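Bear in mind that the values here come from a model prediction, so they are computed numbers and not experimental data. In what follows, chains are A, B, ... by sequence order, proteins preceding strands, each numbered from 1.
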Amino acid sequence: MSEKLTRRADNYAEWYNELVKRADLAEHSPVRGCMVIKPYGFAIWEGIQRELDARFKATGHVNAYFPLFIPKSFLSKEAEHVDGFAKECAVVTHHRLMNAPDGSGVVVDPEAKLAEELIVRPTSETIIWHHYKDWIRSYRDLPILLNQWANVVRWEMRPRLFLRTAEFLWQEGHTAHATAEEALAEAKQMLEVYADFVENVMAIPVVRGVKTPNERFAGALETFCIEALMQDGKALQAGTSHFLGQNFAKAFDVKYLTKENKEEYVWATSWGVSTRLMGALIMTHGDDDGLCIPPKLAPVSVVVVPIYKNDDERENIRRVALNLVEKLKNAGVTAKFDDDDSKRPGWKFAEWELKGVPVRLTLGPKDLAENRAEVFRRDLKTKSFVGLDALAAEIPKLLNDVQQTMFQIAKERRDRLTVEIDDYAEFQARLDGEGGFLLAHWDGTSETEERIKQETKATIRCIPLDFVEEPGRCILTGRPSRGRVVFARAY
RNA sequence: CGAGGCGUAGCGCAGUCCGGUAGCGCACCUGCUUUGGGAGCAGGGGGUCGCAGGUUCAAAUCCUGCCGCCUCGACCA
């Protein structure tokens with residue numbers, strides 16, 4: 001394997017794949033479309049889980065777990081929902097293997113065919129609403145504010161590590177409410193929870209918006225989303241929150257009695273983010289040297305690399321470094337002392353940059369003599385010196401600055417790639433060039449949206465929540481438009 | 001599912017056209033010298049060449065069939 005990563009400008013897809021593998025985030029499994037998330041990658045995912053889970057709990061939600069297998073019949077209860085997922089479901093048909101009569105290995109035992117086939121969940125609305133029917137009798141049982149952390153399977157045509165895998169990890173919130181207003185408020189609240197997390201923890205700026213009917217979740221009345229823009233100018237849907245109306249309540253016959261003793265159907269939401277966020281992290285902050293992880297998410301915030309020529313020096317530096325790591329720990333900073341004697345400093349520098357550790361401290365004889373450490377920040381790749389006694393106080397401030405700076409850099413790039421376009425030829429040229437969020441007028445019809453998609457591969461990512469009324473003419477048809485929507489090519 | 005590419009050591013590859021002792025780089029092991037931006041030298045270990053048939057004195061190499069993976073498209077969190 002070559003020492004340098006493929007450069008983004010040379011081959012963006014190749015850069016991405018190499019980075020995922022070289023930074024030890026994940027690797028392919030023998031099964032097409034499936035991936036092994038390695039400890040370092042999983043540690044980042046655990047950070048995402050930890051932060052989100054705290055926010056879910058803070059907004060009154062509780063966790064539960066529903067099964068992986070769903071009876072096939074459940075999928076057909078909500079018509080739009082079937083259409084949306086039927087094409088990509090894994091199906092369990094048998095429950096036993098046997099030795100092949102010809103000794104060639106194991107085969108499926110034909111005797112062990114299931115009476116009703118089982119679907120491996122592509123999402124859990126159906127199984128959950130089946131149970132909500134039993135859980136909900138009266139308005140006193142509402143709302144139900146529930147989340148689950150789970151894996152789901154969608155048999156994708158073309159998988160990509162983290163961005164689109166056959167099996168992926170996610171969380172799915174499923175709530176039940178007495179009124180439409182309450183459910184809608186819930187869906188909007190969770191979108192804001194996502195936006196807050198992605199912007200302030202992951203340092204990725206997002207556009208909050210609502211999907212057009214074409215792009216809406218199968219079975220939803222309204223799909224809210226946050227859309228991020230990757231460095232190559234393509235959009236990535238980072239999270240969705242759905243107002244499901246009474247569709248699932250009606251499909252699974254979930255009714256409750258109001259205070260006035262009237263029977264009503266329950267109102268629902270669902271919302272989710274997945275390991276795809278890992279892809280967003282990589283493609284927002286990564287560079288030609290590797291990953292760059294925002295401090296609030298980094299499994300290791302600070303790595304200390306020693307430099308020495310002999311055992312005496314090594315021992316002296318070790319003593320200072322361990323003391324420093326301890327002080328940083330007390331200051332709430334996760335620090336690691338890289339005392340591996342089998343690797344030289346230059347190798348370690350490159351390796352920790354590849355892995356995206358936000359701050360590196362270097363401690364050598366020269367530094368000890370001056371009672372200081374060299375401080376390197378991964379985001380700007382700048383070096384400076386800080387006195388050893390000041391580090392415990394300075395590092396938390398520095399990490400905070402890295403966090404802010406990473407967001408600023410990402411936001412400036414996003415803003416630079418967000419442009420108003422009024423000419424269809426220019427619209428197409430931009431998509432074929434640097435891409436980005438193209439703010440353009442649209443006549444509001446699905447036909448126009450579909451035609452633009454066919455001709456340019458761009459979709460309406462969303463109608464922004466901060467939509468401004470601005471009379472104009474549709475970029476394709478020239479028909480009247482009330483304002484601009486966000487177009488982009490997407491992952 | 002369409003179009004390309006690739007399966008040879010843990011990883012990345014050469015060797016295949018033109019059949020004849022299975023190689024290179026990285027990684028790994030041992031030793032010495034090194035250590036402020038991916039160290040150097042010396043020695044060493046590791047491969048049923050994707051699978052199954054066939055041709056041949058002889059197959060990684062030729063023939064037939066299968067399987068798998070990657071990239072690009074249509075579909076999607």
Going by side chain to side chain donor-acceptor pair (under 3.5 Å), name the pairs with one or both residues in residues 348-358 of chain A, residues two or more places apart or in two chains.
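Side chain to side chain donor-acceptor pair (under 3.5 Å) check on residues 348-358 of chain A returns A:D338-A:W352, A:E353-A:R360.
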Take atom P in B:G20 and the same atom in B:A59, then report the distance between them in whole Å.
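So the two P atoms sit 11 Å from each other.
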Using the P atom in both, what is the distance from B:U61 to B:U21, to the nearest Å?
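Per the computed distance, 14 Å lies between those P atoms.
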Give A:E351 one of three labels, base, sugar-phosphate or nothing, depending on what nucleic acid heavy atoms sit under 4.0 Å from its own.
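It contacts base atoms.
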Across the strands shown, which category fits A:A13 at heavy-atom distances under 4.0 angstrom: base, sugar-phosphate, nothing?
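Sugar-phosphate, no base atom in range.
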Ignoring hydrogens and angles, does a donor from either the side chain of A:R154 or the base of B:C76 sit under 3.5 Å from an acceptor on the other?
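Between B:C76 and A:R154, which were checked side chain against base, a qualifying N/O pair under 3.5 Å is absent.
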Donor/acceptor link under 3.5 angstrom from A:K383 side chain onto base of B:G37:
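For A:K383, whose side chain was compared with the base of B:G37, there is a donor-acceptor pair (under 3.5 Å).
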Does OP1 or OP2 of B:A39 have a side-chain N or O of A:R344 closer than 4.0 Å?
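Yes, because at least one side-chain N or O of A:R344 sits under 4.0 Å from OP1 or OP2 of B:A39.
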By a strict heavy-atom criterion of less than 4.0 Å, which residues belonging to residues 277-309 of chain A are in contact with RNA chain B?
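Residues of residues 277-309 of chain A that come under 4.0 Å of RNA chain B are, in numerical order, A:I307, A:Y308, A:K309.
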Output the residues of residues 352-369 of chain A in contact with RNA chain B, where contact means a heavy atom of the residue under 4.0 Å from an atom of the strand; sort by number or write none.
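Contacts with RNA chain B under 4.0 Å: A:E353, A:R360, A:T362, A:G364, A:P365, A:K366, A:D367.
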Using centres under 5.5 Å plus planes under 30 degrees as the test, is A:F168 stacked with B:A77?
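A:F168 ring centre within cut-off of B:A77 base, planes near parallel; stacks.
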Taking the side chain of A:K457 as heavy atoms from C-beta outward, which of B:C28, B:A77, B:G73 is closest to it?
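For A:K457, the side-chain atoms sit closest to B:G73.
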Quick one: do A:K38 and A:D24 make a salt bridge, cutoff under 4.0 Å?
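Yes, A:K38 and A:D24 are salt-bridged.
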Is the charged tip of A:R154 near the ring of A:F85: under 6.0 Å from the six-membered ring centre and within 45° of its axis?
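Verdict for A:F85: no cation-pi partner in A:R154.
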